[in-house]
Colleague: 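My questions will all concern the structure given below.
One is the number of the first residue; the rest follow in order along the sequence. One-based numbering, in listed order, for ligands and for the atoms of each.
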Amino acid sequence: MSPTLSKITKELLAAYGRYPRKKLGQHFLVDPGVLKRIINAGELSKDDLVIEIGSGLGVVTSELAKHVYHLIAIEIDSELLRISKEVLKTFDNISFVPNDILKTDLKELIMGRRYKIIGNLPYYITAPIVEKILVTDEKPELAVLMVQKEVAERMAASPGSKKYGSFSIFVQYYAEVAINSFVSKSSFYPWPEVGSAVIVLKPYKTPKYKVKDEKRFFDIVHAAFQQRRKKIRNPLKEYNLEDAGIDLNRRAETLSIEEFAQLSNY
Ligand code: SAH
């Protein structure tokens with residue numbers, strides 16, 4: 001898209017004899033407009049600590065580092081990390097963590113400080129990454145994530161919509177969700193097979209929904225959505241919810257998070 005960014009990316013890869021590894025979800029951002037949107041969505045300031053997930057060749061990293069106090073770049077591909085270290089050597093506010101984000105102890109990295117998370121995610125592990133971000137007890141102030149368009153729509157979906165399901169409820173239980181913008185395939189090199197979107201998650205500092213037993217709540221949500229277009233009475237039979245104050249002839253996709261909370265608290 002941008003002749004410069006995509007040229008730089010291709011030249012860097014060529015110089016180091018590297019090809020993007022699809023298995024690792026390596027689709028490098030080459031669109032400066034999208035980069036700007038990510039930076040803006042992060043509401044960055046000079047006292048921010050940011051963790052970047054999947055820093056790749058360091059294109060997003062360098063832009064982020066200009067706007068924040070400190071940046072921690074986590075990247076699983078040690079060769080890419082080596083290249084990005086070279087590219088970013090003039091920065092003194094970046095630390096590099098050669099690790100799998102799913103195996104990284106975030107607490108150890110942040111040491112009690114407030115922080116933000118930003119990343120053009122490897123799509124093959126979007127759900128576990130989102131889960132990790134939202135369920136940790138030291139949650140980020142916000143997360144700006146590039147994800148598959150379909151996944152973004154599921155995260156942000158409201159009751160009654162086709163995309164609304166247990167993943168929507170999981171994410172919205174923990175965080176305010178907003179789709180920042182949709183991103184076309186041509187904004188990446190190489191092009192991904194799917195459309196993308198930038199999503200912003202703002203985890204709630206205190207729980208938004210009154211749920212007495214989270215395990216029971218999520219069990220009920222999952223059970224109800226096993227047959228999303230059928231009455232919830234059958235899949236929820238074992239929970240004895242006849243008198244919980246919700247019409248059990250309704251379908252799972254019509255129930256709000258409050259209503260699922262009401263069912264699970266009964
Ligand atoms: N931030 C770069 C690269 C994004 S592509 C850019 O926007 O151009 C996704 C990146 O995540 C790749 O660099 C890939 O190697 C990395 N990655 C894949 N799996 C990972 C994992 N489990 N932990 C950390 N990084 C991972």
Colleague: What protein heavy atom sits nearest atom 13 (O) of ligand 1, and how far away is it?
Modeller: Glu75 OE1, 2.7 Å
Colleague: Assess the pair Tyr173 and Phe217: is the distance between their ring centroids shorter than 6.0 Å?
Modeller: yes
Colleague: Give me the nearest non-hydrogen protein atom to atom 19 (N) of ligand 1 as residue plus atom name, then the distance to 0.1 Å.
Modeller: Tyr124 OH, 2.8 Å
Colleague: Is it true that Leu102 lies under 4.0 Å from ligand 1, counting heavy atoms only?
Modeller: no
Colleague: Any ion pair linking Glu242 and Arg233 (charged N to carboxylate O, less than 4.0 Å)?
Modeller: yes
Colleague: Going by the order shown, which atoms of ligand 1 are within less than 4.0 Å of some heavy atom of Gly25?
Modeller: 5 (S), 9 (C)
Colleague: Minimum heavy-atom separation for Asn93 and Tyr69, please, with both atom names.
Modeller: CB-O, 3.2 Å
Colleague: Kindly say whether His27 contributes a backbone atom to a donor-acceptor pair with the side chain of Asn120 at under 3.5 angstrom?
Modeller: yes
Colleague: Please report the shortest heavy-atom distance between Ala41 and Asn180, naming the atom on each side.
Modeller: CB-ND2, 3.7 Å
Colleague: Taking side-chain contact (heavy atoms from CB on, under 4.5 Å) as the criterion, tell me which of Val183, Asp31, Val30 meets it with Phe188.
Modeller: Val183
Colleague: Specify side chain, backbone, both or neither for Leu80, according to which of its non-hydrogen atoms lie closer than 4.0 Å to ligand 1.
Modeller: side chain
Colleague: Counting from 1, what ligand 1 atoms have a heavy atom of Glu52 closer than 4.0 Å?
Modeller: 1 (N)
Colleague: Would you call Asp47 and Arg114 a salt bridge, using N to O less than 4.0 angstrom?
Modeller: yes
Colleague: Which bit of Leu29 is near ligand 1, meaning a heavy atom under 4.0 Å away: side chain, backbone, both or neither?
Modeller: both
Colleague: Which of the numbered atoms in ligand 1 are below 4.0 angstrom from a heavy atom of Asn120?
Modeller: 4 (C), 5 (S), 6 (C), 7 (O), 9 (C)
Colleague: Tell me: protein heavy atom nearest atom 23 (N) of ligand 1, and distance?
Modeller: Ile101 N, 2.9 Å
Colleague: So which atom in Gln172 and which in Met155 form the shortest heavy-atom distance, rounded to 0.1 Å?
Modeller: NE2-O, 2.8 Å
Colleague: Between Thr9 and ligand 1, find which residue part has any heavy-atom pair under 4.0 Å and reply side chain, backbone, both or neither.
Modeller: neither
Colleague: Any atom of ligand 1 sitting under 4.0 Å from a heavy atom of Val60?
Modeller: yes
Colleague: Parallel, tilted or perpendicular for His222 and Phe218, by the 30°/60° rule?
Modeller: tilted
Colleague: In ligand 1, which numbered atoms sit nearer than 4.0 Å to a non-hydrogen atom of Phe28?
Modeller: 3 (C), 8 (O)
Colleague: Around atom 18 (C) of ligand 1, find the nearest protein heavy atom and jot down its residue, atom name and distance.
Modeller: Leu24 O, 3.1 Å
Colleague: Relative to the heavy atoms of Ser55, which atoms of ligand 1 are at a distance of less than 4.0 Å?
Modeller: 1 (N), 2 (C)
Colleague: How far is atom 22 (N) of ligand 1 from its nearest protein heavy atom, and which residue and atom is that?
Modeller: Asp100 OD1, 2.9 Å
Colleague: Check this for me: does any side-chain nitrogen of one of Lys149 and Glu153 sit under 4.0 Å from a carboxylate oxygen of the other?
Modeller: yes
Colleague: Under the 3.5 angstrom rule, does the side chain of Tyr164 hit a backbone N or O of Leu255 as a donor-acceptor pair?
Modeller: yes
Colleague: Which residue from Ala73, Gly56, Gly54 reaches closest to atom 1 (N) of ligand 1 through any of its heavy atoms?
Modeller: Gly54
Colleague: Looking only at heavy atoms of Phe188, does any of them come nearer than 4.0 Å to an atom of ligand 1?
Modeller: no
Colleague: Nearest protein heavy atom to atom 25 (N) of ligand 1, by residue and atom, and its distance?
Modeller: Ile76 N, 3.4 Å
Colleague: Using heavy atoms and a threshold below 4.0 Å, how should the contact between Arg21 and ligand 1 be classified: side chain, backbone, both, or neither?
Modeller: neither
Colleague: Do the side chains of Glu43 and Lys202 get close enough for a salt bridge, i.e. N-O under 4.0 angstrom?
Modeller: yes
Colleague: Only heavy atoms of Asn99, strictly under 4.0 Å: list the atoms of ligand 1 that pass.
Modeller: 23 (N), 24 (C)
